[in-house]
Amino acid sequence: MASLITTKAMMSHHHVLSSTRITSLCSDKSIDDKQIKTKPQISHRLFSRRISGVTRAVINLPASSPERESVEGERRCHVAWTSVQQEKWEGELTVQGKIPTWLNGTYLRNGPGLWNIGDHDFRHLFDGYSTLVKLQFDDGRIFSGHRLLESDAYKAAKKHKKLCYREFSEVPKPARNSFKNLFSGIGELVKLFSGESLTDNANTGVVRLGDGRVMCLTETQKGSILVDHETLETIGKFEYDDGLCDHMIQSAHPIVTETEMWTLIPDLVKPGYRVVRMEAGSNKREVVGRVKCRAGSWGPGWVHSFAVTENYVVIPEMPLRYSVKNLLRAEPTPLYKFEWCPEHGAFVHVMSKLTGQIVASVEVPAYVTFHFINAYEEDENGDGKATVIIADCCEHNADTRILDMLRLHTLRSSHGHDVLPDARIGRFKIPLDGSKYGKLETAVEAEKHGRAMDMCSINPLYLGKKYRYVYACGAKRPCNFPNALSKVDIVEKKVKNWHEHGIIPSEPFFVPRPGATLEDDGVVISIVSEENGGSYAILLDGSSFEEIARAKFPYGLPYGLHGCWIPKH
Ligand SMILES: CC(=O)/C=C/C=C(C)/C=C/C1=C(C)CCCC1(C)C
Ligand SMILES: CC(/C=C/C=O)=C\C=C\C=O
Ligand SMILES: [Fe+2]
């Protein structure tokens, strides 16, 4: 059987893994002929298909695969939007350059990596099944691997060869029998509001909790799943022990420190958000306070992420709002489960972490953001009392088109075309003096980072504090998706960009050097999908933003979303 896994990788992963644990379909030398014949077939039925109009990259397919023949001569789509071809792989990567000796630990990245079940192709980037990728840095070497997360949604899809749970844009097909339909329609409604039909496909983020547990997340509360960061095995659901789960949804990006976790739980019935805190080591979230939405009876604003300062929680109320009407629709609307209601205002609320009281609630210009970057308190009078909250986010110029640009068909068919809507670093200024209005300004001229801005990270030691550097995906135009890594100095308003032709890099993740005193003393890690179907991990110097090292994967990895760092103990 032809395999892309190089001999070197096959030999060297024995350094970290016992051979019995190597279960990759292509890399395991120990599997016998029978397994070789059956396993890839099972895998191909689930994983490998032609996509309408375009074809998946074929680089992972065995030379003899019938799939290879059927795709020869057709246009390939970028590997970033191509499903992984096997459930798991592990091996050592060959490093070019030199990994800093202090970089010991695991970078773990989550993201949707499988976008089809049987004959059914998913519609949206956010629908894909969670695929974890690890880069384990060990004394200058990198041991790597990927693995599909064993969520109930993925396991059911694999077993029944069809979609069984509601994903971001996909809804399982109702039963065919029309008599049954009436009852099943009511049943579906009940299942939606009980959360039963919602996905637990935790494909968005991954965090290391203060007690060392590693949790994958998405926007459904069921989609909080614990994993083993070394084997990438799924441990099981994170069981919240607090009775707050009837609220079904959550922010995909909790804010986690060594001692606690903060998150937001939107309330679809009485539009608002619960602000909750969970102590490290606990499974119990305590409600610190509640924010009532300003836009009256409309659904709460979509809250993918939020921000904190040292003393406050910054809660966005975007004009892009959850829509119960759209939630009930089987077919997606242009804005999926949301609706755009700028006429009802855009707001930002600020809550005291200590008392749960709202200390500011301001109207701001309309905005669209997935990701807050950071926030801090500014003391304009120099008397030690905060007068204004600064909150920065990746802002899409209040243009909701970005949500639909992330449809897989668009991503696959428009590579190289300049169709990516402009984005910027949006800076909210929220006065703490009771003013009605806050400001939203462009922090740094967007042209300097190619008018794309998303998937950000900062030095985690500056969380909630005055800071200077943002690492994010920017662009080298023309492009249909952020295709560069950018380091933005928001104080000096300077940008350093890193780009190679045809690439799609994932979130640049900053890891500080232990003992460093400068904010940008550290490295930036990203995983890059290449136009030729390959992929590599890249390490940039946090200060110069120049390449320090790279390590090629023996196969192409799709785009991924967010990552975390787990230091070696
Ligand atoms: C990948 C990513 O960034 C976002 C994923 C969001 C998901 C899976 C949202 C799912 C939802 C449902 C399945 C129904 C309820 C609404 C909503 C939270 C949007
Ligand atoms: C990948 C993305 C936006 C890119 C646009 O420029 C958003 C991802 C959101 C979820 O994590
Ligand atoms: Fe996100």
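Atoms within a ligand are numbered from 1 in the order they appear, just like the ligands themselves. Computed from a prediction, not measured in an experiment: that's the story for all the values here.
- Ligand 1 does not have M248 within reach: every non-hydrogen atom of the residue lies 4.0 Å or more from it.
- Among L561, D454, L420, N480, the residue whose heavy atom lies closest to atom 3 (C) of ligand 2 is D454.
- At least one heavy atom of H371 sits closer than 4.0 Å to an atom of ligand 2.
- Using a 4.0 Å cut-off between heavy atoms, L561 contacts ligand 1 through its side chain alone, with no backbone atom that close.
- Note: F510 and W565 fail the aromatic proximity criterion, with ring centroids not under 6.0 Å apart.
- D404 and R407 are joined by a salt bridge, as a carboxylate oxygen and a charged side-chain nitrogen come within less than 4.0 angstrom of each other.
- Between H562 and ligand 2, a contact under 3.5 Å exists for at least one N or O pair.
- In terms of N/O distances under 3.5 Å, ligand 2 is not approached by T204.
- No donor-acceptor contact under 3.5 angstrom links the side chains of H247 and Q221, judged on distance only.
- Heavy-atom contacts from other residues, nucleotides or ligands closer than 6.0 Å to NZ of K493 number more than 12.
- Ligand 2 does not have A452 within reach: every non-hydrogen atom of the residue lies 4.0 Å or more from it.
- The closest protein non-hydrogen atom to atom 3 (O) of ligand 1 is H304 CE1, 3.2 Å.
- Residues R208 and V256 form no side-chain contact, since every pair of their non-hydrogen atoms from C-beta on lies 4.5 Å or further apart.
- In terms of protein heavy atoms, atom 11 (C) of ligand 1 is closest to T220 CG2, 4.5 Å.
- The Fe ion (ligand 3) lies at the vertex of an angle of 110° between the NE2 atom of H253 and the NE2 atom of H371 (rounded to 10°).
- Taking a distance limit of 4.0 Å, we find that atom 17 (C) of ligand 1 is approached by no protein heavy atom.
- Nearest protein heavy-atom neighbour of atom 6 (O) of ligand 2: P482 CG, 3.2 Å.
- Near T218, the atoms of ligand 1 lying under 4.0 angstrom from a non-hydrogen atom of the residue are 5 (C), 6 (C), 7 (C), 8 (C).
- Here the rule is ring pair (Phe, Tyr, Trp, His ring centres under 6.0 Å) with F122, and of W81, Y129, W115, F168 only Y129 fits it.
- Aromatic rings of Y240 and F238 (six-membered ring for Trp) have centroids within the 6.0 Å cut-off, being under it.
- No more than 12 heavy atoms of other residues, nucleotides or ligands sit less than 6.0 Å from atom NZ of K476.
- Less than 4.0 angstrom separates some heavy atom of I249 from each of these atoms of ligand 1: 18 (C).
- Residue-level proximity to ligand 2 for Y559 is carried by the side chain, the only part with a heavy atom below 4.0 angstrom.
- In the vicinity of F481, heavy-atom distances shorter than 4.0 Å reach the ligand 2 atoms 1 (C).
- The side-chain heavy atoms of Y536 and I503, taken from C-beta on, include a pair separated by under 4.5 Å.
- Proximity to F126 (heavy-atom distance under 4.0 Å) selects the following atoms of ligand 2: 8 (C), 9 (C), 10 (C).
- Residue N203 is tested with T218, L149, L132 for a side-chain contact (heavy atoms from CB on, under 4.5 Å); the sole match is T218.
- Listed by atom number, the atoms of ligand 1 under 4.0 Å from T204 heavy atoms are 1 (C), 2 (C), 3 (O), 4 (C), 5 (C).
- Ring-centre distance between F126 and Y336: not below the 6.0 Å cut-off.
- When hydrogens are left out, the protein atom nearest atom 5 (C) of ligand 2 is I402 CD1, 3.6 Å; that is the closest non-hydrogen contact.
- With the Fe ion (ligand 3) as the vertex, atom NE2 of H304 and atom NE2 of H562 span an angle of 170° (nearest 10 degrees).
- Set against the non-hydrogen atoms of N203, the atoms of ligand 1 under 4.0 Å away are 1 (C).
- The shortest heavy-atom distance from H396 to ligand 2 is under 4.0 Å.
- The nearest protein atom to atom 10 (C) of ligand 2, hydrogens excluded, is given as H304 NE2, 3.3 Å; this is a heavy-atom distance.
- Using cut-offs of 30° and 60° for the angle between ring planes, the H253 and H304 rings count as perpendicular.
- Atoms of ligand 1 lying under 4.0 Å from any heavy atom of R166, numbered from 1 in the order shown and given with element: 13 (C).
- By the 30° and 60° cut-offs, the orientation of the rings of W302 relative to F338 is parallel.
- Annotation: H396 is in aromatic contact with F370 [ring centroid separation under 6.0 Å].
- For L327, every heavy-atom contact with ligand 1 shorter than 4.0 Å involves the side chain, none the backbone.
- With a 6.0 Å radius and a threshold of 12 heavy atoms from other residues, nucleotides or ligands, K292 has its NZ atom at or below the threshold.
- Below 4.0 Å from some heavy atom of L198 lie the following atoms of ligand 1, by number and element: 13 (C), 14 (C).
- If you check each of F168, F126, W302 against atom 7 (C) of ligand 1, the one with the closest non-hydrogen atom is F168.
- Ion pair K222/D152 not flagged as a salt bridge, since none of the NZ, NE, NH1 or NH2 atoms sits closer than 4.0 Å to an Asp/Glu carboxylate oxygen.
- At a 4.0 Å heavy-atom cut-off, ligand 1 touches E167 through the backbone alone.
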